[in-house]
Amino acid sequence: MGLSAYYDNYIIVLIFLILGILLPVVALTFGRFVRPKNPYAEKVTTYESGIQPKGDAQVRYHVAYYLVALEFIIFDVETVFLFPWAVALDQLGWYGLNIMLIFLTILVLGLAYSWKKRVLEWN
Amino acid sequence: MLAFEATWSLMTPEIVLGALAMLVFTIDFMTGIHEKKPFIGRLSIFSLLVTAVLVLVMNPQGGQIGDTFLVDPFAMVFKLIILVGVALVIMMSMNYLDRNEDIYQGEYYSILLFTALGAMIMVSSADLITLFIGLEIVSISSYALAGFKKHNIDSTEASIKYIVLGGTASAFILFGMSYLYGLTGTTSLYEIGAAMPELFADYTVMIMISLLFMLGGFGFKVSMVPFHMWAPDVYYGAPTPVTAFLATVSKLAAFGIIIRVFTLGFESIYAEWAFIVATIAAITMIVGNFIALTQQDVKRLMAYSGIAQAGYILVPIATVLNNFSITVIIFYSVAYIMMTLGAFSIITLVSEQSGRKTGMDTFAGLYQRSPYMAVAMAIFLLSLAGLPFTAGFIGKANIFLLAINGNMLWLAIIMIVTSIISFYYYFGVIKQMFMAEPKPNAEEIKVPGGIQAVVTVTLAGTVLLGILPNLLLDLFTGFNWMI
């Protein structure tokens, strides 16, 4: 094929990229020039369903959420590996079972570690 | 019935190390968090030694599992270097961990063992994917190890910097690998190397981009010059035994894969990249040595000295890539591990005894406080500088001869000049040890057993390789490194 065919295929991607960037930029710029400008104090405050906003904008949340999400990612990827193995298990036979058991053992050790180290506790 | 026919016994060292690392891991979490666990440390050293014996004994003729796992003399020798290096790091860190309560002991040992496992996978891979898996195991474990001191802001800063920059470097490597895969349709380095000559004629720019990005990514791990900025901060912030690990084992494993990728994959277009690597080596040596002149902190000094040493090791890669040059690189790697681990163990000892500070003045009057350690440190620094009767001298002499034989006289001259410049800062430490007065409230230094053992082994190695280098060079002469 050659290098020019490679470039041709990507020209379309480049055009889409440029259009994708230009569309909101053009729309918002056009609006900026067309709309009336009349700011006053009450209009500029943050909207909070009509109530006066008070307090810090940064909400603090429990760090255990992060740890649960981390554990979820790992076991979710494990599940992703389990599904095709389960579908093909009758062709894989005992050999396939043993390999998957080794994989699961390693991950179960990780679960045991996080259980014993009280990673999943909320206090 | 589907079964993959392969000689799985080739992977026995890795499987054994993996199983023992998980055993260490399990023992750790079954016991309490804050206890001292010297048993786990000794078990880790034992598992590393068992793995080293297995590397020597199983399959000495080598072999391959498909194209993904490769055992040849190159891989076996590098694995031995890695295992011995990690064992010395663990010996060096056992007393350090007892004194620093804010480091969780069991996890430290198990992460180090997993890092050794990753490094072993790295150096015996002939496939881009396996190489990347090994590299990521080492990298991610190193990110965790760099930040291991809890509630210490320098350690956390080191870890964050290492994660962010290391992630970028891994992205560079993957980008380079993706171009190679896209052009050849395979990730096996053998097939890429076979297809390289005609590919390079058609797709010159893409191959060069791929090569440069991969060199950049691997160069990050070995702290080569445009990618060296992480080294001083990470070396300074990490706990000192971890710094020793990063400066030796991690760097040498990355050099192993640079040699592997460039010999198997890019050998046929050697003329294109030789000058680039030579220029990078020259700049690395110059930058590393010049910036080290101004350092006041010993760990940062060793970081910049490590950058310069990476430049020295790049010189044989730039000049020629045959069996003899790989012999020279491996000899220098063995010498480098001996002298750097020895130096770092004495730095650990001295900084622990001086209230955990790592300035140059902690070495003041070391000769009067502990003469054996001062003399040992002096020999390690002389070896790093490249003075005779030490392994560093033989290593540098071989690299110098290789550069001259490869018609890169300018590179050899830069190497010599920068080595001479490096004398100044190595001698700065020696001057502190021998000619400065010890601080008024300096105590008597009690040398822990682990550091004593490491210093003795590495001192013996450095001096022995300096006086009788043929012990190793004759052993390696007949080897055909890469099958």
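Sequence lines set the chain letters: A, B, ... in the order given, protein chains first and strands last, and positions in each chain run from 1.
Between Asp28(B) and Tyr113(A), the closest heavy-atom pair is OD2-CE1, 4.2 Å. The shortest heavy-atom contact between Phe29(B) and Lys116(A) is O-CE, 3.3 Å.
Around the CG atom of Leu23(B), the shell of radius 6.0 Å holds more than 12 heavy atoms that belong to other residues, nucleotides or ligands. Environment of CZ in Phe75(A): crowded, with over 12 heavy atoms of neighbouring residues, nucleotides or ligands closer than 6.0 Å. Residue-environment remark: NE2 (His62(A)) exceeds the threshold of 12 foreign heavy atoms within 6.0 Å. The environment of Trp115(A) atom CH2 is sparse: at most 12 non-hydrogen atoms of other residues, nucleotides or ligands sit within 6.0 angstrom. Phe103(A) CZ: more than 12 foreign heavy atoms inside a 6.0 Å radius. Within a 6.0 Å radius of CD1 in Ile153(B), no more than 12 heavy atoms belonging to other residues, nucleotides or ligands are found. At most 12 non-hydrogen atoms from other residues, nucleotides or ligands lie less than 6.0 angstrom from OH of Tyr181(B). Atom CD1 of Ile12(A) has 12 or fewer heavy atoms from other residues, nucleotides or ligands within 6.0 Å.
Interface residue Met30(B): backbone and side-chain heavy atoms are both found under 4.5 Å from chain A. Using a 4.5 Å cut-off between heavy atoms, Ile99(A) does not touch chain B at all.
Of all residues in residues 132-143 of chain B, none places a non-hydrogen atom less than 4.5 angstrom from a non-hydrogen atom of chain A.
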